[in-house]
Amino acid sequence: MIEPTIHSIFPTPIYTTKINRGFTKEELQFVNEQKKHCKKNAGNIYTKDNYILNQKEFKNIKKFLNEHCTNYLNTIICSKNNLELYITQSWLNYTETNQYHHKHEHPNSVISGVLYFDSDIKNDKILFSHPVTYKQISPETDKTKFNLWNSNTWFFPVETGNLFMFPSSITHQVETKKGNNTRISLSFNTFYKGILGSNNQLTELIL
């Protein structure tokens, strides 16, 4: 039998990289200090300051994230227009043992991202849900193994320094946390700046 080829069409891009340095003492002190200025989420806490990347302590972090926003735009979106992907809101999340981060998406955003300041790769992960909610047949009990084509969810282990970027519409969550560390992450949203669409086709949108 000739071996078949399986093509993955219309895949969801999950962009991953890692900061190429350790976090500075000033950055980590700022992150730890912000834990005192939080409000409750569904299963954990997050900072009251939701434009936290505008703080001077995060100047170099913001520069790093902006570089990868540009790279995501040029590598994955590949727009003909002169667009910029800029960071809108940003905040810190703190998740303790037995806490969680509820299942959610990020409205009013194009691409969202998460940078990890403290995560244990043995226990910490980010879980994504399949974007298609309706399935004609769903033989969950018949599966002998899970793969990229038959899974409703897919997770990635995360460690300190990891950056994940993904379409803001994809549902994601943090399951109940195990391990003794406080999982600390910085989340951010983005939007376009520039011209979308076509003037001639009457679809132009100037942002």
Side-chain angles (χ1 to χ4, degrees), residues 4-20 41-42 46-47 49-55 58-93 101-116 126-138 147-156 158 162-174 185-207:
T5 300
I6 301 173
H7 300 277
S8 292
I9 64 172
F10 314 126
T12 300
I14 306 295
Y15 178 108
T16 64
T17 187
K18 190 171 184 179
I19 194 167
N20 59 358
N41 206 346
Y46 66 104
T47 52
D49 184 354
N50 50 38
Y51 287 90
I52 205 152
L53 280 171
N54 292 339
Q55 299 294 335
F58 277 168
K59 177 182 177 181
N60 292 326
I61 296 290
K62 188 174 185 179
K63 181 181 177 182
F64 164 75
L65 296 177
N66 279 332
E67 289 172 353
H68 284 283
C69 285
T70 300
N71 193 49
Y72 189 107
L73 182 67
N74 294 337
T75 304
I76 298 173
I77 297 175
C78 305
S79 174
K80 283 197 285 187
N81 292 340
N82 185 22
L83 285 177
E84 176 187 347
L85 193 62
Y86 75 98
I87 295 172
T88 54
Q89 288 185 287
S90 54
W91 60 96
L92 288 165
N93 308 285
H101 201 156
H102 66 290
K103 185 184 291 188
H104 64 286
E105 306 88 27
H106 292 229
N108 294 332
S109 176
V110 179
I111 303 301
S112 294
V114 189
L115 175 66
Y116 293 90
I126 182 169
L127 181 75
F128 295 95
S129 295
H130 198 296
V132 179
T133 55
Y134 170 74
K135 291 187 177 181
Q136 189 174 11
I137 300 172
S138 184
N147 57 48
L148 289 170
W149 299 285
N150 71 7
S151 298
N152 290 331
T153 62
W154 199 263
F155 73 83
F156 294 87
V158 295
N162 279 165
L163 169 64
F164 281 72
M165 295 175 65
F166 44 87
S168 300
S169 58
I170 189 169
T171 304
H172 54 286
Q173 68 187 96
V174 176
S185 63
L186 185 152
S187 296
F188 62 94
N189 288 331
T190 67
F191 211 77
Y192 290 127
K193 186 179 291 183
I195 299 175
L196 291 175
S198 166
N199 180 281
N200 291 333
Q201 296 178 12
L202 306 180
T203 59
E204 184 175 73
L205 178 62
I206 302 174
L207 299 170

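Counting begins at 1 with the first residue of the sequence.
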A.B. asks: Tell me yes or no: between the side chains of Glu105 and Ser169, is some donor less than 3.5 Å from an acceptor?
C.D. replies: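 Ser169 and Glu105 do not have a side-chain donor-acceptor pair below 3.5 Å.
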A.B. asks: Let me confirm one number: the CZ-CG distance from Phe58 to Leu65, rounded to the nearest 0.5 Å.
C.D. replies: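 CG of Leu65 is found 9.5 Å from CZ of Phe58.
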A.B. asks: Run His130 and Asn152 through side-chain hydrogen bond (donor to acceptor under 3.5 Å, both in side chains) and show every step you take.
C.D. replies: CA-CA 5 Å; His130 198 296; Asn152 290 331; 5.9 Å; no
A.B. asks: Please examine the side chains of Ser187 and Tyr46, heavy atoms only from C-beta on, and report whether any two atoms are closer than 4.5 Å.
C.D. replies: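 Sidechains of Ser187 and Tyr46: no contact.
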A.B. asks: I would like to know whether Trp149 and Ile6 meet side-chain contact (heavy atoms from CB on, under 4.5 Å); could you show each step before the answer?
C.D. replies: CA-CA 10 Å; Trp149 299 285; Ile6 301 173; 3.5 Å; yes
A.B. asks: Just verifying a value: how many Å separate Ser112 OG and His104 NE2, rounded to the nearest 0.5 Å?
C.D. replies: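 Here the rounded value is 8.0 Å.
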A.B. asks: Should Asn189 and Thr88 be marked as a side-chain hydrogen bond (donor to acceptor under 3.5 Å, both in side chains) after you check the CA-CA gap, both sets of side-chain angles, and the distance that decides it?
C.D. replies: CA-CA 5 Å; Asn189 288 331; Thr88 54; 4.9 Å; no
A.B. asks: Do Phe166 and Thr12 come within less than 4.5 Å of each other through their side chains, counting heavy atoms only?
C.D. replies: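 SC-SC contact between Phe166 and Thr12 ruled out.
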A.B. asks: Between Phe191, Phe188, Tyr51, which is the residue that forms a side-chain contact (heavy atoms from CB on, under 4.5 Å) with Gln89?
C.D. replies: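 When Phe191, Phe188, Tyr51 are each tested with Gln89, the side-chain contact (heavy atoms from CB on, under 4.5 Å) holds only for Tyr51.
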A.B. asks: Side chains of Val114 and Met165: does their closest heavy-atom pair fall under 4.5 Å?
C.D. replies: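 No, side chains not in contact.
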A.B. asks: Pairs of donor and acceptor atoms involving the side chains of residues 79-87, under 3.5 Å and at least two apart or interchain, shall be tabulated with distances.
C.D. replies:
residue	atom	partner	partner atom	Å
Ser79	OG	Asn81	N	3.1
Asn81	ND2	Ile195	O	2.7
Asn81	ND2	Gly197	O	3.4

A.B. asks: Only one of Thr16, Val174, Val158 clears side-chain contact (heavy atoms from CB on, under 4.5 Å) with Ile126; which?
C.D. replies: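 Of the listed residues Thr16, Val174, Val158, the side-chain contact (heavy atoms from CB on, under 4.5 Å) partner of Ile126 is Val158.
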A.B. asks: For the residue pair Ser129 and Ile170, what are the closest heavy atoms and their distance?
C.D. replies: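 Minimum heavy-atom separation between Ser129 and Ile170: O-CG1, 3.8 Å.
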A.B. asks: Any chance you could measure Gln55, atom CD, to Ser90, atom OG, to the nearest 0.5 Å?
C.D. replies: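 Going from CD on Gln55 over to OG on Ser90, the span is 9.0 Å.
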A.B. asks: Treating Ser198 as the side-chain partner and Gln201 as the backbone partner, does any N or O pair qualify as donor plus acceptor under 3.5 Å?
C.D. replies: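 Side chain of Ser198 to backbone of Gln201, a donor-acceptor pair under 3.5 Å: yes, one is there.
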A.B. asks: What residue among Ile111, Asn71, Thr75 forms side-chain contact (heavy atoms from CB on, under 4.5 Å) with Tyr15?
C.D. replies: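 It is Asn71; the other options fail the test.
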A.B. asks: Would you call Tyr192 and Ile77 a side-chain contact if the rule is heavy atoms closer than 4.5 Å?
C.D. replies: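 Contact flag for Tyr192/Ile77 side chains = yes.
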A.B. asks: What distance do Asn50 atom CG and Trp91 atom CH2 have between them, rounded to the nearest 0.5 Å?
C.D. replies: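 So the gap between those two atoms works out to 8.0 Å.
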A.B. asks: Any chance you could measure Phe164, atom CZ, to Ser185, atom OG, to the nearest 0.5 Å?
C.D. replies: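 Atom-to-atom, Phe164:CZ and Ser185:OG are 11.5 Å apart.
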A.B. asks: Checking Lys18 now: which residues fulfil salt bridge (Lys or Arg N to Asp or Glu O under 4.0 Å) with it, not counting sequence neighbours?
C.D. replies: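 Salt bridge (Lys or Arg N to Asp or Glu O under 4.0 Å) list for Lys18, sorted by chain: Glu159.
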A.B. asks: Taking the six-membered ring for Trp, are His106 and His172 parallel (under 30°), tilted (30 to 60°) or perpendicular (over 60°)?
C.D. replies: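 The rings of His106 and His172 lie parallel, inter-plane angle below 30°.
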A.B. asks: Once you measure the plane-to-plane angle for Phe64 and His68, does it fall in the parallel (<30°), tilted (30-60°) or perpendicular (>60°) bin?
C.D. replies: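 Rings of Phe64 and His68: perpendicular, as their planes differ by over 60°.
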A.B. asks: Report the distance from atom CG of Asn199 to atom CD of Glu204, rounding to the nearest 0.5 Å.
C.D. replies: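 Asn199 CG to Glu204 CD: 4.5 Å, rounded to 0.5 Å.
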A.B. asks: Are the side chains of Leu115 and Ile61 in contact, using a 4.5 Å heavy-atom criterion?
C.D. replies: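 Yes. Closest side-chain heavy atoms under 4.5 Å.
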